[in-house]
Amino acid sequence: MPKSNIRNTMTETSTLVANGLSMAFIKEFRANYLLRQPHLTLWEVRNTIVAPQIIEAGKSLVDLYRDHTDAKAIPYVNTASVYVCFSWSDSALDVLNSMIQYGQEQYQSPYFWFEIFATDVRENNAEEAGYYTTSLRRLIREIGHTLIVLTDFQNSRSLHRLRSIWEILCSLRTQSKITIQMPVKSYQELCTNLVKHKNGFEEAKEYLCKLKVRNAETSNEEEKLILTKCLKDYRLDRAENKIKDFLENWIAIQGKIAAADLLDRNDKSSGLDGIKTTAFLGEYTIKINKLQTIRELMHKAEFRAKTFIENDTSIPEMLSLYTSLALSYQNDNDQKTAIGYYESALMICKQFFYDDNEKIRDALMNLANALLEIGQEDLALQQFEEALCVNESKTVEKADILTAKADIHANNEDDERAQQLYHEARQIYEEILGKRHTKVGTVYLKESIIWYKLENYKLSKKLAERSLSIITICDPDNEEMIQRTKELLSSVAKRT
């Protein structure tokens, strides 16, 4: 990639404003500049179309269109909800089409933080490592959702761009949601390859997971030096493996969706097999954040169920679908609707799986967690209590329930009861998972906070130090928890 005088302006000390541009703006830009020039790469669009506008206006496109609205009076600019990861050598039309396709699958229209539109091209202060390790990473965490655009699964340029590799790693480390979007034709080719070719999964892995940081592309040498150092500080092999694990899991999910979709299209009946297949599709569609698709599948499944059993949808085959739908509404922050589906799932469990304690326990836990999201702690506690009754043996799930109950008691200042429950949960975790596990470290921190509140600073310090030693080894990317533990230890030090 040739060196360009078009650069970013965000620095470690700059104020990061996570503003993005709307779907309407993206569509308008596509119509005005790309439909007649479909051959242009993003690099060419940046240099020949975007840069002149920014240089003339003296501000980025986000700032330039801040006060503009579309025909429906919806602002072009608002708080960004999606961070776009791409390659400069990609077709600009393919990338914008993928962004629009993603937006059309969401119930709430997204606002895209897209580097080509969001940054001022006149200056560059991004040569400092702090831009990538602090400012850019904070931006990705604050937005909380990264959209990786892969225009061709056989030549995944986004995965060969050094900055994109760093963006994906930041997204994984900050536990942001990640969606991979591809042009329709390319995605269909991937699915066909996964379903119809004997070695389809291995071939897809070969195309998408041949990640080599040392050979990745950059727009200039300064960026290459800084990002290579950032990745080396994290450890190159660990960075590559973390991203490869994510991509392999994504490929596996696409294969399952493609297989279920093939079954679904070949199923001409409206019977139980059709309902099971639709539920299966729904379960995996949620994992890639296709919220609109899962709801379309729900209508299809309900129609099949009503046709098959004459308007009574209380059948075992609906359990998976109701649970999947509840998850989809939770992802969309519609907790009340999610609770309704969780209650339906629980009713089916009790009616048809009354001797399957694990299914009932999981349904109760799902409902309890959703109730917690809307502040219904008393009702949530009832579900957790019932879940404990059907889970008498020592399991990780029992420890999870005890921890959740303890959290409720801690929130209500019942510290002694919370401490008893945390202690019991930790003992189970240690017995099943071992003494060095993230769950054990997390409970140690919670116990430490309780003892700090009870003014037993010596024990609080001891437990916080144990938590820190476990988390730094078992979950070094959990920076938020590590920081919380260090802050607690600092508070304890001031008290002793």
Side-chain angles (χ1 to χ4, degrees), residues 1-2 20-21 23 25-27 29-50 82-106 110 112-118 145-169 171 177-194 200 203-213 215-219 243-244 246-248 250-251 253-255 257-258 288-290 293:
M1 187 75 67
L21 286 159
M23 282 272 288
F25 177 88
I26 302 297
K27 289 178 179 178
F29 189 91
R30 178 184 64 173
N32 290 343
Y33 300 107
L34 300 181
L35 294 183
R36 294 180 183 179
Q37 303 179 84
H39 60 281
L40 292 179
T41 65
L42 281 172
W43 187 256
E44 291 167 335
V45 168
R46 183 182 183 181
N47 287 340
T48 62
I49 298 173
V50 176
V82 180
Y83 181 99
V84 183
C85 178
F86 62 92
S87 167
W88 289 119
S89 54
D90 279 333
S91 157
L93 184 58
D94 280 348
V95 172
L96 265 64
N97 281 342
S98 296
M99 291 164 64
I100 291 166
Q101 182 188 344
Y102 163 81
Q104 289 171 341
E105 292 169 347
Q106 310 307 306
F112 297 99
W113 196 98
F114 191 30
E115 185 184 352
I116 190 171
F117 298 148
H145 194 156
T146 298
L147 179 70
I148 304 171
V149 179
L150 300 181
T151 56
D152 183 353
F153 87 92
Q154 294 182 337
N155 184 17
S156 48
R157 299 180 187 89
S158 297
L159 303 177
H160 300 156
R161 183 190 177 203
L162 193 59
R163 173 169 167 142
S164 295
I165 292 171
W166 178 250
E167 290 167 341
I168 296 169
L169 183 63
S171 302
K177 284 185 180 179
I178 301 178
T179 301
I180 295 180
Q181 191 74 41
M182 303 173 72
V184 174
K185 184 178 178 181
S186 186
Y187 182 70
Q188 288 174 344
E189 289 174 358
L190 171 64
C191 291
T192 300
N193 202 56
L194 289 170
E203 288 177 9
K205 276 175 56 180
E206 177 64 24
Y207 288 130
L208 291 174
C209 300
K210 51 184 179 184
L211 205 64
K212 290 295 179 186
V213 172
N215 301 329
E217 299 173 356
T218 56
S219 55
I243 296 173
K244 284 178 182 177
F246 163 74
L247 291 170
E248 286 184 13
W250 182 81
I251 294 168
I253 290 173
Q254 306 317 303
I257 291 173
I288 55 171
N289 300 309
K290 305 286 188 181
T293 305

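Note: hydrogens, waters and symmetry copies are ignored here, and every other heavy atom, side chains too, is used.
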Out of curiosity, [X] [atom1] to [Y] [atom2], how far, rounded to the nearest 0.5 Å?
X      : Y      : atom1 : atom2 : answer
Leu190 : Gln154 : CG    : CD    : 9.5 Å
Thr218 : Trp166 : OG1   : CH2   : 15.5 Å
Leu42  : Ile49  : CG    : CD1   : 10.0 Å
Ile251 : Asn193 : CD1   : CG    : 10.5 Å
Leu159 : Lys244 : CG    : NZ    : 11.5 Å

What residues form a ring-ring contact (aromatic ring centres under 6.0 Å, His included) with Phe246, not counting sequence neighbours? none
Heavy-atom distance under 4.5 Å between the side chains of [X] and [Y], does that happen here?
X      : Y      : value
Leu34  : Val45  : yes
Gln181 : Met99  : no
Phe112 : Leu147 : yes
Met182 : Ser98  : no
Glu248 : Cys209 : yes
Leu208 : Leu150 : yes
Phe29  : Leu96  : yes
Ser171 : Ile148 : no

Less than 4.0 angstrom from a charged side-chain N to a carboxylate O is my criterion; do Glu167 and Arg163 meet it? yes
For the residue pair Tyr102 and His145, categorise the inter-ring angle as parallel (less than 30°), tilted (30 to 60°) or perpendicular (more than 60°). perpendicular
Using 30° and 60° as the class boundaries, would you call the ring planes of Phe114 and Phe117 parallel, tilted or perpendicular? perpendicular
Measure from the side-chain N and O atoms of Ser164 to the backbone N and O of Phe86, and report whether any donor-acceptor pair falls under 3.5 Å. yes
Exam field: side chain Ser91 to backbone Asp94, donor-acceptor pair closer than 3.5 Å: yes
Locate the shortest heavy-atom distance separating [X] from [Y]; write the atom from each residue and the value.
X      : Y      : value
Ser89  : Thr41  : O-CG2, 3.8 Å
Ile178 : Ile168 : CD1-O, 4.5 Å
Ser158 : Cys85  : OG-O, 4.2 Å

Begin from the C-alpha positions of Val82 and Thr179 and carry the test side chain to side chain contact (heavy atoms under 4.5 Å, CB included) through to its verdict. CA-CA 10 Å; Val82 180; Thr179 301; over 6 Å; no
May I have all residue pairs that pass salt bridge (charged side-chain N to carboxylate O under 4.0 Å, His left out) and include part of residues 152-162, sequence neighbours excluded?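 Sorted pair list: Asp90-Arg157, Glu115-Arg161.
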